[in-house]
2 protein chains.
Amino acid sequence: MSQAQTLRPDLIAVLEDQGYRITAPRQAIVQLLEHKQEGFTAEEIIADLDSVGRATVYRTIKLLLRAGVVCKLATMDGAPKYSLSRAEHHHHTVCVSCGAVGEFRAATVERLLRGLAGDIPGRILGHRIEFYITCAACLPVDSN
Amino acid sequence: MSQAQTLRPDLIAVLEDQGYRITAPRQAIVQLLEHKQEGFTAEEIIADLDSVGRATVYRTIKLLLRAGVVCKLATMDGAPKYSLSRAEHHHHTVCVSCGAVGEFRAATVERLLRGLAGDIPGRILGHRIEFYITCAACLPVDSN
DNA sequence: GCACATGATGATACTGCATATCACTACCGG
DNA sequence: CCGGTAGTGATATGCAGTATCATCATGTGC
């Protein structure tokens with residue numbers, strides 16, 4: 001079983017299930033995203049799809065966010081990055097050299113963090129962990 | 001060594017030591033920050049100090065960043081927050097209700113994260129952890 | 001004390017990301 | 001076929017942050 005889409009339950013279908021219409025622009029965007037799993041900015045999408053207006057791109061991204069299909073990642077330089085979220089809960093690695101965004105999961109981390117509740121004043125609702133790395137692709141170049 | 005200034009070694013002196021001039025606007029900004037340890041946005045400072053121009057506020061914040069006196073925190077809604085960094089290395093708590101930013105340290109976390117090196121492809125340069133919480137002040141209101 | 005070089009300032013213009021507006025189009029149900 | 005609603009995109013607008021630049025302050029050498 002498991003159509004082996006492994007974890008991508010046909011993104012378009014997800015939208016359809018939530019009552020949204022499947023339009024050409026939305027299909028174009030989703031299709032593009034499927035090839036850009038690396039982490040992308042809104043402006044990137046806009047640049048790649050001349051046929052789709054800015055407004056629609058931003059609207060669609062919000063749609064996908066609400067649908068839980070993509071996740072948002074605030075970056076230091078202002079422009080947030082988005083990425084298709086395959087796993088339920090995960091964290092990000094950001095290459096400081098090329099900006100590529102990756103995902104990882106580590107159960108040990110989650111367990112530990114839960115144990116921290118006592119150190120934190122107030123009720124914990126969620127957390128975020130990011131690792132700043134030099135990614136494999138940039139390593140040879142970067143480390144001289 | 002370690003003058004034990006506990007952790008705030010006279011912010012103005014830090015700037016002076018780095019060869020910057022101590023001017024009225026800079027003093028005004030630093031003084032304001034000392035009272036706003038909660039985490040603040042650039043625009044907040046600008047609004048509070050009519051006598052100081054936008055440009056100068058942004059310039060001074062960058063100065064303080066470079067001097068390591070304040071630290072930057074990317075937020076989901078775009079406008080980054082800054083806070084006086086008292087401890088060397090620390091992480092943040094962000095109240096989703098009122099936006100207040102706090103700091104905490106947890107050696108256990110650091111130790112664990114170092115152990116994760118194997119799970120992360122590439123060279124780890126740094127990390128960031130944020131907890132999203134409902135802070136003590138907001139709890140009664142927020143939780144119904 | 002004066003002149004000059006340099007640092008700092010702030011008003012303004014500008015850039016870039018994101019949202020709001022709004023007229024128009026596509027689609028769906030009757 | 002018709003009307004209503006969802007969706008679209010051009011444009012205007014908002015807002016954070018940066019760049020420009022004339023002006024002012026500071027410090028130094030004389």
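Model, not experiment: these values are computed from the prediction. Throughout, a chain's letter reflects where its sequence line sits, starting with A, and its residues are numbered from 1. Just so you know, these numbers use all the heavy atoms, side chains as well, and skip hydrogens, waters and symmetry mates.
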*Comparing B:Arg54 and B:Gly19 on DNA chain C - which has the more 5′ nearest nucleotide*: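 Looking at the nearest nucleotide for each, B:Gly19 comes out on the 5' side.
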[N] [atom2] sits how many Å from [X] [atom1], rounded?
{"X": "B:Ile45", "N": "C:dT9", "atom1": "CD1", "atom2": "C1'", "result": "18 Å"}
{"X": "B:Ile22", "N": "D:dA25", "atom1": "CD1", "atom2": "C1'", "result": "14 Å"}
{"X": "B:Gln27", "N": "C:dA8", "atom1": "CD", "atom2": "P", "result": "14 Å"}
{"X": "B:Glu44", "N": "D:dC15", "atom1": "CD", "atom2": "C1'", "result": "15 Å"}
{"X": "B:Ile12", "N": "C:dA8", "atom1": "CD1", "atom2": "P", "result": "13 Å"}
{"X": "B:Ile29", "N": "C:dT9", "atom1": "CD1", "atom2": "C1'", "result": "11 Å"}
{"X": "B:Leu15", "N": "C:dG7", "atom1": "CG", "atom2": "P", "result": "16 Å"}
{"X": "B:Glu16", "N": "C:dA8", "atom1": "CD", "atom2": "P", "result": "12 Å"}

Does [X] have a side-chain nitrogen or oxygen under 4.0 Å from the phosphate oxygens OP1 or OP2 of [N]?
{"X": "A:Tyr58", "N": "C:dT19", "value": "no"}
{"X": "A:Lys62", "N": "C:dA18", "value": "no"}
{"X": "A:Thr23", "N": "C:dA26", "value": "no"}

Checking contacts here: which listed nucleotide ([options]) is nearest the side-chain heavy atoms of [X]?
{"X": "B:Arg21", "options": "C:dT19, D:dG17, C:dG7", "result": "C:dG7"}
{"X": "A:Thr56", "options": "C:dA8, D:dG9, C:dA18", "result": "D:dG9"}
{"X": "A:Tyr20", "options": "D:dT8, D:dG17, D:dG7", "result": "D:dG7"}

Any side-chain to backbone donor/acceptor pair from B:Thr56 onto B:Val52? Under 3.5 Å, distance only.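 No; judged by distance alone, with no hydrogens or angles, the pair does not exist.
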Would a distance-only check, ignoring hydrogens and angles, find a side-chain to backbone donor-acceptor pair under 3.5 Å from B:Arg123 to A:Cys135?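 Between the backbone of A:Cys135 and the side chain of B:Arg123 there is no qualifying donor-acceptor contact (under 3.5 Å).
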> Quick one: do B:Glu110 and B:Arg105 make a salt bridge, cutoff under 4.0 Å?
Replying inline: no
Quiz item: Less than 4.0 Å between a side-chain N and a carboxylate O, is that true for A:Glu130 and A:Arg128?
Solution: yes
Assign B:Ser51 to base, sugar-phosphate, or nothing according to its heavy-atom contacts below 4.0 angstrom with the strands shown. sugar-phosphate
For B:Arg26, answer base if it contacts any base atom (sugar-phosphate contacts may also be present), sugar-phosphate if it contacts only those atoms, and nothing otherwise; contact means non-hydrogen atoms under 4.0 Å.
sugar-phosphate
(Q) Between D:dG17 and B:Arg59, counting only base atoms on the nucleotide and side-chain atoms on the residue, is there a donor-acceptor pair under 3.5 Å? (A)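 Between D:dG17 and B:Arg59, which were checked side chain against base, a qualifying N/O pair under 3.5 Å is absent.
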One should read off an interatomic distance between A:Ile46 CD1 and A:Ile29 CD1, to the nearest 0.5 angstrom, of 9.0 Å
